[in-house]
Amino acid sequence: MLDPRLFRNELELVQQQLKRRNIDFDAAGYLTLENRRKDIQVKTQELQNERNTRSKAIGQAKAKGEDVQPLLDQVQDLGDQLKTAESELTAIQSQLNSIMEGLPNILDESVPAGKSEADNLEISRWGELPQFDFEPKDHVDLGEPLGMSFELGAKIASARFVVLTGKLATLQRAIIQLMLDTHTNQHGYQETYVPFMANADSLRGTGQLPKFEEDLFTIKNDPTFYLIPTAEVPVTNIVRDVIVDAKQMPLKFVCHSPCFRSEAGAYGSDVRGMIRQHQFEKVELVQIVTPEESAQAHEELTAHAENMLKILKLPYRKVLLCAGDTGFSSTKTYDLEVWLPGQQKYREISSCSNFKDFQARRLQARWRNPDTGKPELVHTLNGSGLAAGRTLIAILENYQNQDGSIRVPDVLRQYMGGLELIK
RNA sequence: GGAGAGAUGGCCGAGAGGCCGAAGGCGCUCCCCUGCUAAGGGAGUAUGUGCCAAAAGCGCAUCGAGGGUUCGAAUCCCUCUCUCUCCGCCA
């Protein structure tokens, strides 16, 4: 959520900033509502004040043994007035709130203009593209003989599910273990285990609700639970309604979890293979930092994700997402795209975002600033470090041999009992 | 699933219609005192929010959550959530 004070004081600026996201914000309409809110709220609070004072007077009169009937007569119609004013206020506040909840974050100045993926800005490339003296296969052709079955996934659940058996399942687990170990031992993150279902408050806190409900799987339950689309949701919600001790900042969490996405808007795209699944494994990095640290933390977190690709020796590029491609809650996002020889393309394998105080405001996640002694909103960041399913794909395709066998990357062998070749 | 107990500030804990944003204790911060340490004395110490550019100030809201009764609710009533104990079932 954006800062309501920004709307009161610098409405044109907000409007201008939202324009970068192609949002035509109705400032005049907002202003009308906001002015009404102000009137009603002031009126309501005046009435509340009157009720409180009069009630107190009644109490005091009674204590002295005076006749309170005249006082009671005076307040007779106050209750009704107050009730009307209060319900009016609630209505307009929820109206304003739903406008605010539907507005995306303001973009960082460094975010380039643009509409789609095509306008993203390439920042850097790393690694040599592998050269094959044969036609490289894609991960489906490589995977199926080794224990990757989309048929079984479909039988057990539906399309966009997969079953991995044997060394491929082990490989995915090895990838996850390597990532967790690296982030905890070398990058200073705390390993975390969380629920894989979350309630509506949690999803509202990180920004998936109310606007993106159709992207989520829901659990029939009262109250409704949602399958997490990313560990970002449960992990970031650790600090919901919390005032973090300044000494504990920054908080750095790493969490492996399955992720569940309905892919409601993705009909027909990436239907082949493991690229886009309803369920996939991911290792997520989350940082809770002070406002002045967040820009630097964003660079570091991205570097931590990049390091995984480096130690796996997977060629990738880093892109800065343009205005149109940057997610709802984010101010600035770097995507890491790994090279897939089977597609002859770079494909997203990590997305690292700085949300600044946008999620924190929804979450009421704060820290106590020692300079002011006051609670202030934290900044939240997260990034995949990395998506394990897509890492598996990248390894299959980049480490393939002509006979369809797969070399196991050096750093993964210790997690696979020394295995060097999957065949 | 059955039976019971509970939820109050950073923590413990009182409070049972008005004088309660809430006693007391612990903790924490600052000050004083004692050559150091231990002990002692004093002051302060919730959050959100409205009016306001902001501060100050003055309000409003918040005692698990949501409703209700009442002039007035931490306190009474209803619903829900969570925690704990016992029984049953269970990885």
Side-chain angles (χ1 to χ4, degrees), chain A residues 1-14 30-31 33-97 100-101 193-205 219-226 234 237-249 251 357 359-378:
Chain A
M1 200 138 77
L2 294 168
D3 187 353
R5 254 169 295 184
L6 210 57
F7 282 72
R8 287 175 209 163
N9 303 335
E10 301 184 71
L11 195 55
E12 333 72 53
L13 183 83
V14 172
Y30 172 85
L31 212 58
L33 270 179
E34 168 60 15
N35 286 333
R36 264 185 60 208
R37 187 228 98 224
K38 198 185 287 191
D39 289 348
I40 296 169
Q41 182 157 354
V42 169
K43 186 176 130 206
T44 306
Q45 293 188 351
E46 273 168 4
L47 285 169
Q48 285 171 327
N49 183 218
E50 194 178 339
R51 178 203 58 196
N52 292 346
T53 343
R54 287 183 185 267
S55 294
K56 207 161 267 181
I58 292 171
Q60 281 163 356
K62 221 174 193 176
K64 289 186 208 148
E66 293 167 9
D67 179 18
V68 295
Q69 194 54 48
L71 291 172
L72 285 178
D73 292 343
Q74 280 175 27
V75 291
Q76 221 172 21
D77 54 339
L78 199 62
D80 286 341
Q81 281 182 48
L82 188 56
K83 209 162 264 180
T84 315
E86 274 173 347
S87 69
E88 241 180 296
L89 181 62
T90 316
I92 197 157
Q93 272 174 338
S94 80
Q95 215 175 333
L96 277 167
N97 193 48
M100 297 294 278
E101 275 190 332
Y193 173 79
V194 295
F196 300 150
M197 297 180 217
N199 58 34
D201 282 344
S202 295
L203 285 138
R204 204 172 297 117
I219 304 284
K220 205 176 153 200
N221 187 69
D222 187 27
T224 305
F225 289 143
Y226 299 84
N237 271 276
I238 289 173
V239 293
R240 169 151 56 89
D241 295 323
V242 169
I243 301 174
V244 183
D245 190 341
K247 284 180 229 127
Q248 295 186 320
M249 304 274 279
L251 295 173
D357 62 11
Q359 292 182 326
R361 187 167 293 106
R362 292 170 166 241
L363 293 161
Q364 280 303 304
R366 292 161 295 164
W367 69 299
R368 196 173 293 278
N369 185 342
D371 295 337
T372 62
K374 291 264 186 285
E376 293 173 14
L377 295 171
V378 299

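Everything numeric in this text was worked out from a predicted model, so none of it was measured. Just so it is clear: chains get the letters A, B, ... in the order the sequence lines come, proteins before strands, and each one is counted from 1.
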Stems in RNA chain B: runs of 3 or more consecutive Watson-Crick or G-U pairs, distances under 3.5 Å?
-> B:1-7 with B:81-87, B:10-12 with B:24-26, B:27-32 with B:40-45, B:46-51 with B:57-62, B:64-68 with B:76-80
A:N49 side chain near B:G59 phosphate (N/O to OP1/OP2, under 4.0 Å) = no
Report yes or no: does A:N237 contribute a side-chain atom to a donor-acceptor pair with the main-chain N or O of A:S202 at less than 3.5 Å?
-> yes
Whole Å only: how far is the CD atom of A:E376 from the C1' atom of B:G48?
-> 15 Å
So which heavy atom on A:L11 is nearest to which on A:Y30, and how close?
-> CD1-CD2, 3.9 Å
So does A:R5 get a side-chain nitrogen or oxygen closer than 4.0 Å to the phosphate oxygens (OP1/OP2) of B:G50?
-> no
Donor on one side chain, acceptor on other, A:N369 and A:E376, under 3.5 Å | yes
Side-chain N,O (A:R8) to OP1/OP2 (B:G50) below 4.0 Å = yes
Smallest heavy-atom separation, A:L71 atom then A:A57 atom, equals CD1-O, 4.3 Å
Just how far, in rounded Å, is P of B:U47 from CG of A:L377?
-> 14 Å
Flag the pair A:E46 and A:K43 as a salt bridge only when some basic side-chain nitrogen lies within less than 4.0 angstrom of an acidic carboxylate oxygen.
-> no
Using a cut-off of 4.0 Å between protein heavy atoms and nucleotide atoms, how would you tag nucleotides 64-81 of chain B 5' to 3' with B, S and -?
-> -----S-BS---------
So, A:R204 and A:D201, do they make that salt bridge, N to O below 4.0 Å?
-> yes
Please determine, by modelled atom types, if A:S55 and A:N52 share a side-chain donor-acceptor pair under 3.5 angstrom.
-> no
Looking only at N and O atoms, is any donor in the side chain of A:Q45 or the base of B:G59 less than 3.5 Å from an acceptor on the other one?
-> yes
May I ask you to evaluate whether A:R366 reaches the phosphate of B:G48, defined as a side-chain N or O under 4.0 Å from OP1 or OP2?
-> yes
Which of these nucleotides, B:G48, B:U47, B:A54, is closest to any side-chain atom of A:N9?
-> B:A54
Has A:R37 got a side-chain N or O lying under 4.0 Å from the OP1 or OP2 atom of B:C51?
-> yes
